[in-house]
Structures are given as structure tokens and as C-alpha cells.
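Note: hydrogens, waters and symmetry copies are ignored here, and every other heavy atom, side chains too, is used.
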Amino acid sequence: MYTTYSFQDVSVVFSHPFFGRYLAQGEGLGQITIGMATDRTSHDVAADGTVMVSKIAGRNGTVTVQAQQTSSLHKWLLRLYNYLENAPASAWAQLSIVVRSPAMQDYHECNGCSFLKIPDKAYQATGQQVAWSIMAADIFQTVA
């Protein structure tokens with residue numbers, strides 16, 4: 001028995017109600033990483049050794065998108081960032097990101113997304129990837 005993974009099967013959709021949508025399915029996309037920020041549990045230990053377990057709500061985290069510096073994906077994210085710089089504050093965190101991997105039956109929905117900053121960009125002999133750091137207020141993950 002074996003399993004197969006292919007990054008070509010992964011699709012990422014960026015959506016903003018005032019700016020539009022962008023579908024990334026390999027073109028210029030180097031890597032996407034989704035990380036949770038909030039620890040979901042905490043243990044408090046009393047002097048007698050009794051453990052009190054707390055369940056903590058919170059599905060916020062980060063989405064890091066690595067894209068080739070000459071890609072249409074990077075250019076679209078930069079245009080979106082520049083648009084949001086001058087848009088009303090209410091538009092800042094209305095970006096949503098959906099990541100699908102049908103082969104792995106993974107689905108991530110990231111809402112309330114906002115840019116941490118414009119990525120660092122290196123100029124050198126060969127083209128590079130730039131890393132967009134995006135914070136998400138709510139990350140939902142499911143496996144079909």
C-alpha cells in the first residue's frame with residue numbers, strides 16, 4: 001500500500017470583497033504554510049498534584065505564502081496590500097484564504113486575514129522567492 005502527494009494538486013484561493021479573487025495553483029507558488037498561534041489547552045498543577053485542564057478557544061494563526069518574486073501571485077498580493085494601505089480600516093482584515101489539497105483530502109479556510117508586512121526582497125544574480133506573512137483571525141481545518 002502507498003500514498004501519493006503532489007503539490008500540483010494544491011490550490012489556494014485569495015478573496016477580498018472589495019478587491020477580487022486570485023486562484024493560485026502552482027503558478028509562482030513555492031510553498032504555503034499554515035500555523036496556529038494559540039495553544040488550545042493549559043494545565044494548572046496544584047500543590048497536591050491535582051491537574052486542572054483548561055480548554056482554550058482560539059483558532060487564530062498565520063499563513064505564510066512563498067512566491068517567486070516575478071510571479072503574478074506576488075504582484076497580485078502586492079497590489080492588494082497597496083490597495084488596503086489606502087482603503088478604510090474596515091477593509092483591512094477582510095481577506096480570506098482557502099487552501100485545498102484533494103489528494104490529501106485537506107481543506108483550510110482562513111478568515112479575517114491581514115498582512116503582517118510587505119515581504120523582504122533580495123536582489124541578486126538569481127531570482128528568489130518572497131515570503132508573505134499573513135495573520136488570520138480564524139483558521140478552520142477539516143479532512144474529508
Side-chain angles (χ1 to χ4, degrees), residues 2-46 50-144:
Y2 63 92
T3 60
T4 303
Y5 169 81
S6 172
F7 189 58
Q8 290 178 329
D9 295 336
V10 176
S11 66
V12 184
V13 177
F14 300 88
S15 301
H16 192 281
F18 306 128
F19 193 78
R21 295 171 36 116
Y22 186 92
L23 169 63
Q25 197 164 13
E27 309 90 359
L29 182 61
Q31 177 176 313
I32 186 160
T33 304
I34 299 170
M36 303 304 288
T38 301
D39 291 339
R40 297 300 303 267
T41 193
S42 174
H43 291 190
D44 181 77
V45 182
T50 302
V51 177
M52 177 179 60
V53 179
S54 296
K55 179 182 178 184
I56 302 169
R59 298 190 317 198
N60 62 310
T62 58
V63 179
T64 305
V65 178
Q66 292 189 6
Q68 292 174 330
Q69 67 186 34
T70 59
S71 68
S72 59
L73 170 58
H74 170 63
K75 291 173 185 173
W76 190 88
L77 290 170
L78 188 56
R79 284 193 304 272
L80 174 60
Y81 180 91
N82 288 333
Y83 165 79
L84 291 172
E85 277 280 293
N86 298 308
S90 59
W92 182 251
Q94 291 196 27
L95 175 64
S96 66
I97 302 168
V98 174
V99 180
R100 287 185 177 93
S101 176
M104 294 175 44
Q105 299 178 333
D106 275 349
Y107 174 87
H108 284 85
E109 185 175 319
C110 309
N111 294 300
C113 296
S114 57
F115 292 102
L116 188 60
K117 67 181 187 84
I118 291 179
D120 299 337
K121 188 171 181 181
Y123 293 94
Q124 58 191 49
T126 59
Q128 300 296 304
Q129 292 194 7
V130 292
W132 284 92
S133 294
I134 301 168
M135 298 183 80
D138 184 66
I139 299 173
F140 173 76
Q141 176 182 2
T142 186
V143 176

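- Sorted by first and then second residue, the pairs that involve residues 57-70 and meet side-chain hydrogen bond (donor to acceptor under 3.5 Å, both in side chains), not counting sequence neighbours, are T38-N60, R59-D138.
- Residue pairs meeting the side-chain hydrogen bond (donor to acceptor under 3.5 Å, both in side chains) criterion with at least one partner in residues 9-23, sequence neighbours excluded, are Y22-S72.
- Under the 4.5 Å side-chain criterion, counting only non-hydrogen atoms from C-beta, H43 is in contact with T41.
- Taken to the nearest 0.5 Å, the CD1 atom of I32 stands 7.0 Å off from the SG atom of C110.
- For L77 against F115, the heavy-atom pair with the smallest separation is O-CZ, 3.9 Å.
- In this structure, Y107 and F140 have perpendicular ring planes: the angle between them is above 60°, well past the 30° mark.
- Between V65 and V12 the shortest side-chain heavy-atom distance does not fall below 4.5 Å.
- Residue pairs meeting the salt bridge (Lys or Arg N to Asp or Glu O under 4.0 Å) criterion with at least one member in residues 60-72: none, sequence neighbours excluded.
- The minimum heavy-atom distance between F7 and L29, with the atom names listed, is CE2-O, 3.6 Å.
- For D39, the CG atom is loosely surrounded, since the number of other residues' heavy atoms within 6.0 Å does not exceed 12.
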Quick one: side chains of residues 126-135, donor-acceptor pairs under 3.5 Å with protein atoms, not counting sequence neighbours, listed by atom name and distance.
from	atom 1	to	atom 2	distance (Å)
T126	OG1	Q128	NE2	3.1
Q128	NE2	T126	O	3.1
W132	NE1	H74	ND1	3.0

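- From Q141, atom CD reaches atom CD1 of I34 across 7.0 Å, with rounding to the nearest 0.5 Å.
- Looking at residues two or more places apart in sequence or on another chain, you find a side chain to side chain donor-acceptor pair (under 3.5 Å) between Q31 and T33.
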**Prompt:** When you look at S42 and I56, which way does the side-chain contact (heavy atoms from CB on, under 4.5 Å) test go after all the steps?
**Reply:** CA-CA 7 Å; S42 174; I56 302 169; 3.8 Å; yes
Would you mind writing out the side-chain donor-acceptor pairs for residues 83-100 within the sub-3.5 Å range, not counting sequence neighbours?
from	atom 1	to	atom 2	distance (Å)
E85	OE2	Y81	OH	3.4
Q94	NE2	S90	O	2.8

